[in-house]
Amino acid sequence: MNLTIFARTVVLTCLLLLAPLVARAVQPDEIMTDPRLEARARALSAQLRCLVCQNESIDESHADLARDLRVLVRERLQAGDSDDKIRAYLVLRYGDFILLKPPFKLETWLLWGAPFVILLAGGGIIFVARRRQKRLAQANSLSEAERATLEAMLGEEGS
């Protein structure tokens, strides 16, 4: 009897800890009756950025605009639009920013290329700094003849 209470407690604790992982912002009144269309709506919603939250998909966001976009996606699916057509409609309306993974094209090259440019610039700065440091170390080091002269001068001062 004690073991069943413990097992139930463990199961309940696990369920409570995992509940936030499956929690979505989709309201019950938004869910479509056709499971295939609902699955497509969820997949599309996971690819679209909430324009209010900006780092969440509309599927995860609780913002009013995200709800409106989820409803719009479901309406367009219900009307028979393809996933690509819905994405194209939203991009036309809101720009590439609405896509969590914007396409690589002329307008978005900086977005995709900036990390590489920053990495190369940082590597260049480190390379130049090390070369300067090496040159300074070489410039400050004395040759054997200079070192002997210096020791002789210091030896004379000590006497």
Side-chain angles (χ1 to χ4, degrees), residues 1-140:
M1 182 153 133
N2 237 355
L3 185 58
T4 30
I5 293 173
F6 177 73
R8 286 181 182 174
T9 306
V10 168
V11 169
L12 182 61
T13 303
C14 288
L15 288 174
L16 288 174
L17 289 174
L18 294 174
L21 297 177
V22 294
R24 295 282 188 231
V26 177
Q27 302 299 314
D29 61 330
E30 297 174 32
I31 297 175
M32 302 177 84
T33 54
D34 184 355
R36 279 194 228 137
L37 286 178
E38 180 60 26
R40 282 179 56 202
R42 291 288 178 105
L44 269 170
S45 296
Q47 299 170 15
L48 300 172
R49 180 187 318 273
C50 174
L51 299 172
V52 176
C53 307
Q54 297 186 2
N55 285 331
E56 287 184 337
S57 69
I58 63 170
D59 198 40
E60 300 166 332
S61 175
H62 293 281
D64 291 336
L65 179 61
R67 176 183 165 76
D68 294 343
L69 289 172
R70 287 191 305 267
V71 169
L72 176 68
V73 165
R74 283 166 171 74
E75 287 172 356
R76 307 249 339 162
L77 283 171
Q78 197 70 41
D81 288 355
S82 69
D83 294 359
D84 291 336
K85 193 172 180 181
I86 294 170
R87 264 192 298 279
Y89 173 77
L90 290 169
V91 166
L92 182 66
R93 195 167 180 187
Y94 297 103
D96 284 327
F97 186 72
I98 194 148
L99 302 174
L100 281 172
K101 293 182 181 175
F104 184 78
K105 55 186 183 180
L106 187 59
E107 294 86 21
T108 59
W109 74 268
L110 185 61
L111 176 68
W112 286 101
F116 300 110
V117 170
I118 291 169
L119 185 65
L120 286 173
I125 289 170
I126 291 171
F127 178 75
V128 168
R130 287 206 172 166
R131 285 188 68 189
R132 281 187 185 166
Q133 193 175 34
K134 196 174 186 180
R135 284 184 188 159
L136 283 174
Q138 287 175 351
N140 290 338

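- Side-chain atoms of Arg67 and His62, non-hydrogen and from C-beta on, never get closer than 4.5 Å to each other.
- Here CG of Asn55 is found 11.0 Å from OG of Ser61. Values are rounded to the nearest 0.5 Å.
- Scanning all heavy atoms of the two residues, the minimum distance from Phe104 to Trp109 falls at CE1-CA, 4.0 Å.
- With rounding to the nearest 0.5 angstrom, the NZ atom of Lys85 is 13.0 Å from the CG atom of Leu90.
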Checklist entry - Is there a side chain to side chain contact (heavy atoms under 4.5 Å, CB included) between Arg42 and Arg74 once you walk through the steps? => result CA-CA 9 Å; Arg42 291 288 178 105; Arg74 283 166 171 74; 3.6 Å; yes
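- With values rounded to the nearest 0.5 angstrom, Leu120 atom CG is found 11.0 Å from Ile125 atom CD1.
- Salt bridge Glu56/Arg49: absent, no basic N to carboxylate O contact under 4.0 Å.
- Look at Arg40 and Asp83 and you find a salt bridge, because one of the NZ, NE, NH1 or NH2 atoms lies within 4.0 Å of a carboxylate O, short of that distance.
- Asp84 meets the side chain to side chain donor-acceptor pair (under 3.5 Å) test with Arg87; sequence neighbours excluded.
- Rounding to the nearest 0.5 Å places CG of Leu69 at 7.5 Å from SG of Cys50.
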List, one per line, each side-chain donor-acceptor pair under 3.5 Å for residues 92-99, sequence neighbours excluded.
from	atom 1	to	atom 2	distance (Å)
Arg93	NH1	Tyr89	OH	3.2
Asp96	OD2	Lys105	NZ	2.9

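- Taking 4.5 Å as the limit, every side-chain heavy atom of Gln47 sits out of range of all side-chain heavy atoms of Leu100.
- Under the 3.5 Å distance criterion, the side-chain polar atoms of Ser45 are matched with a main-chain donor or acceptor of Ala41.
- In this structure, the separation between CG on Asp59 and CG on Leu48 is 9.5 Å, given to the nearest 0.5 Å.
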